[in-house]
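Since we're looking at a predicted model, the values are computed, not measured. In the text below, chain A, chain B and the rest are named by the order of the sequence lines, each starting its count at 1.
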Amino acid sequence: MSRTALLACGGGLIAAALYPLLFGGSNYAVNLGFLVLFAAFLGQSWNIAGGFAGQMSFGHAVFFGTGAYASTILHVSHGWNPWLAWPVAIAAGAAVGAGIGTLSFRAGLRGSYFALVTLAFAEAFRILANSVPFTRGGLGMLIKSDPHPANLQFRDPIWFYYLALVLCVLSLALAWWLTRSRFGARLAAIRENEDAARALGINTFREKVRVLALSGALCAAGGTLYAQKYLYIDPSIAFGVDKSIEMLLVSMIGGAGTIFGPLIGAGVLHFVSEVTRELGGALPAIKNAQPLALIVYGVILVIIVGYLPDGSMGLFRRRRALPQGQGHA
Amino acid sequence: MSKRDHRPGVTRRAFAIGTGALAVSSVASPLPLRAQAGPIRVGLIHPVTGFVAYNGQQSRLGATMAIEDVNKAGGIKSMGGARLEAVLGDSQSKVEVGVSEVEKMNEAGVAAYIGCFQSPVGIAATQAAAKYNTPFLIDVGASDLLVSRGLKNIFRLKPGFGKCVDDGIAALGALNKAAGGAAKSAVLVHESGEFGTGTAKLLAGKLPSIGIEAKELIAHDNPTRNFDNIALRIRSMAPDIVMMSNYGNEYMLLARTLFQQKINVAGMFSVLGGGFNYKFVKEMPDVAQFMMDTNHWFNPRSAAAQALKKRVEAGGALFTFEVYLSYSNVMLLADALERAGSADKEKLTAALASSTFKAELLPYGPTKFTNGQNEGGRPGVMQVLKGDIEVIAPAEFASAQAVFPRPKFT
Amino acid sequence: MSPDIIFAGVVNGLMAGGIYVLVATGLTLIYGVLHIINFAHGSLLMLAMYAVFFLFRPPLGLDPYLALPLVTAGAFLMGYVLYRGVIGRLSHGRDENILLITLGLSIVADNVALFLFTGDTQTIGVAYAGNYISLGPALVPLPKLISFGASMLICALLGLFMSQTDMGKAIRAVAKERQGARLVGIDVENIFAVSYGIGIACLGAAACLLMPFFYVSPSSGHVFVLIAFTTVVLGGMGSFGGALAGGLIIGVVESLAGLQFGEQLGQLGIPLVFILILLLRPTGLFGRQ
């Protein structure tokens, strides 16, 4: 990494660390910052498999929910400390990732087929969570509020912000490593042309299972953090398709397969969402104005895709001559 | 894509966007104004978009009408006629967004919140509001988890599903006794979420106490496309009573399917049946005839309730339970503000906690909060008779005599 | 379970499957030709259902079955214009962009409906809704029998169209070999738009058949989306015969699993079939290897 890039990264980190102080302790701003960082972190977990390795998933909520449920069940039903339950949840996410990866990649699923099978897995997990006794089914699971750092609960939202910042920075570092390491290079080769990668002697099956496990582990870490912040999960919250879509969106809007794509995507989407929602609330004169906000949100989404086909990161990559529009793959 | 493409490195511009997006997203977003003298702000958090948008919109309608009415009547008199001002929020049916709205409204200086319809959103949003000790009035939200966490800032005027089940069971027991024990068995059909599952389990536990055996609990997903098979199973079990706890669309589909398949039962009795309303009765009078429901209802003998019903219907909307519950919650808040003489959170919380507010629109006794739950709240038991909805219990609010068992299909 | 109940369950499943077939046929056609997963499918179905609802209401009072040609043609036009005006133009020929655009369109469509029609659930009350036919131990409501028959008929017509007409042959040519089709002078962009239009037209027909026994609200289209994906995968993505068989199989599996394991856990049958088919035979039952 060049000196300037290093400096820039350090500066950015300092700015992010100081951000909560800039707004005079506004919890709204802190909470918004948390949401952006959290979405960026989840988006990065998607990006690692979907962007860097080209294994697009529609069902990443399966990992998110696994993490949320694993730590919550250990904590609520078995009295574990959430800090201890967290690594177990991460391991569970990795295991589910490895499991789904082994099954799907063994069957040779690629592209849309792989995306659809992840969607189906998430749906199967949602129905299971709704039906089996140890998740308390549709009743959901409530975590007792006991704000104390030792319980991974904080009275002041600023600590969740910093926790999300740490996770986000770690995920950025991981993404950066993927652009530098041999592992990352193998993934890129798989993304560009899997058959060619295999011909080069890459064990594509093993690499893909690994990357899905890694992605699942990260995403599950997010699930635990979510449960600890909001203190309640149910099958639709944990395994719902909304979560999967959001992870995919922030990544692809920002630019899939780039280091900063998910962060930018999360920033852009939350910015648009907050502003449009604010407008909806500020227009009581128009009866039923709130849907207008989401209409504007949807239109902006289409426009971003239409005019920044590489995602927002494409804004400053476009100057480099890139092969464009390879047609329908 | 070229190899360079996925190795963009960390350029200065890349970085600037990376962190800039963060800062911009907060700076450019219109940050709410700080609290200011003048109107008393009330935060309304409802899911006005998303899967349960209709219910959220109905709640918002009721609450905003009540705020208008309070202001028209001269505002809060003990505070020099201070006006109420609604701060409108949309939870989009999402927990995170609901919490975000709580934070935003806190900085807009709201004196109290009213919301949230969905229990999961309510659970997280009340928790967030508890940090600021801001009172949170649950207008709709069935889960008893809401009031079981020891939070001091929560007030729920309406009864929870525990109370609705108890009253429903008592009413059904009385009906069955009067009919000489015509019903001996029941099948319960419920949605698989927190609300339906909790209600059905409570019901199944209590049915034996009135001499009715719960043959089976049938859970279904939301949304469910097709109730033909559930009808098939009900037919094969031949229960005397079908009990249902589900949301509007599934309630309507199930009722219509059972009617079309001409399944003979002594009664269809729901607890918190989501689709039991005037629209259902008007659009499917044959299906709705003789169906019974235990639910939040207005007091049919209250002139104020009838007047509000006319106003709501004149505006082209339906007088559903969300409307009068949210309306009544604003009135409960106005009453507490009047007695506290201040929008100070501590004083307001104390005034709410000691409230003896008489909910004029509702068939309730005087308000008495215990751990945030109003002990005076109770549901009505209704039956569709001759194309209208009549209250059949509690007796002092009844507008008609129940028909049980219902006539058989021929 | 008694044989009577199993029989009735199979009949119920077939009736439900008829609708899945129609919704999935549109999806599979769009996938087969354009190689995209149309995320706007549920939302467009919902819009078509609103069209049926408003046509039924006074002043027009048009019966949903009589409205079928009109709504189907309108849906085709809508699909064609959407592709020409938005999807084709903004996607720059990239699959992942098409996916995001259909997702964005879906958000817009849902909220336009919410804004214009509110979130209230609407139904239509046709006089014959309560009529039913006895098939042995099964009671089949008349509208479901009609929807099943009409759905089969529409599939047959579509099959004829694809195999007999020049346009149908051109669509199949583009689906099979895009570059080759271009070389022999087929206007590929036009074929894309027509295919998308036909896919949406199937939704128009499905909407007319559904409304007599279902309801419409801004989110009611999504009720059929996962099931349509499953059907498409089961039948083999891009295969017509597959969508037909897949829809009926899914209907019956869902029905019998619901009877055996309860409606809640029985729902697990759908993603499980989906996963198993993908893992064991990813080309589907009828897809080409």
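The minimum heavy-atom distance between C:G204 and C:V71, with the atom names listed, is O-CG1, 3.7 Å. The two residues C:M46 and C:A113 have their closest heavy-atom pair at SD-CB, 3.6 Å. In terms of heavy-atom proximity, B:F280 sits nearest to B:A255 at CZ-CB, 3.9 Å.
The contact between B:Q261 and chain C is made by backbone and side chain atoms together, counting heavy-atom distances below 4.5 Å. For B:T257, no part lies under 4.5 angstrom from a heavy atom of chain C. At a 4.5 Å heavy-atom cutoff, the contact between C:F214 and chain B is made by backbone and side-chain atoms alike. Only the backbone of C:I124 comes within contact range of chain B, with heavy atoms under 4.5 Å apart. With a 4.5 Å cut-off on non-hydrogen atoms, C:D4 does not touch chain B at all. At a 4.5 Å heavy-atom cutoff, C:F117 makes no contact with chain B through either its backbone or its side chain. For a residue to count as touching a neighbouring chain, one of its non-hydrogen atoms must lie under 4.5 Å from one of that chain's; by this rule B:V287 does not touch chain C. Interface remark: C:A138 contributes no atoms to any contact with chain B (heavy atom separation under 4.5 Å).
Checked by atom type and distance alone, the side chain of B:S326 pairs as donor or acceptor with a backbone atom of B:E322 at under 3.5 Å. Under the 3.5 Å distance criterion, the side-chain polar atoms of B:N264 are left unmatched by any main-chain donor or acceptor of B:K408. Put simply, the side chain of B:E191 gets close to the backbone of B:G193: a donor and an acceptor are under 3.5 Å apart. No side-chain donor-acceptor contact under 3.5 Å links B:E101 to the backbone of B:S91.
Between chain B and the residues C:N12, C:L114, C:V223, C:D120, the largest count of heavy-atom pairs under 4.5 Å involves C:D120. The choice from B:K279, B:R235, B:Q58, B:Q57 that makes the most heavy-atom pairs within less than 4.5 Å of chain C is B:K279. Here B:N229 is the residue among B:N229, B:D286, B:V52 with the most heavy-atom pairs under 4.5 Å with chain C. With respect to chain C, the highest number of heavy-atom pairs below 4.5 Å among B:M252, B:R256, B:M284 belongs to B:R256. Each of C:I227, C:N131, C:L210, C:V140 has some count of heavy-atom pairs under 4.5 Å with chain B, and the biggest count is that of C:I227. Comparing C:L259, C:I5, C:I19 by heavy-atom pairs within less than 4.5 Å of chain B, the highest count is held by C:L259. In terms of heavy-atom pairs under 4.5 angstrom with chain B, the leader among C:A8, C:G125, C:S217 is C:A8. When the candidates B:A53, B:A219, B:G275 are compared by the number of heavy-atom contacts under 4.5 Å with chain C, B:A219 comes out ahead.
B:V48 pairs with exactly one of B:L88, B:D90, B:L61 by the side-chain contact (heavy atoms from CB on, under 4.5 Å) rule, that one being B:D90. The side-chain contact (heavy atoms from CB on, under 4.5 Å) test with C:S43 is passed by exactly one of C:V225, C:D110, C:V112: C:D110.
In this structure, B:K201 places its NZ atom where only 12 or fewer heavy-atom neighbours from other residues, nucleotides or ligands lie under 6.0 Å away.
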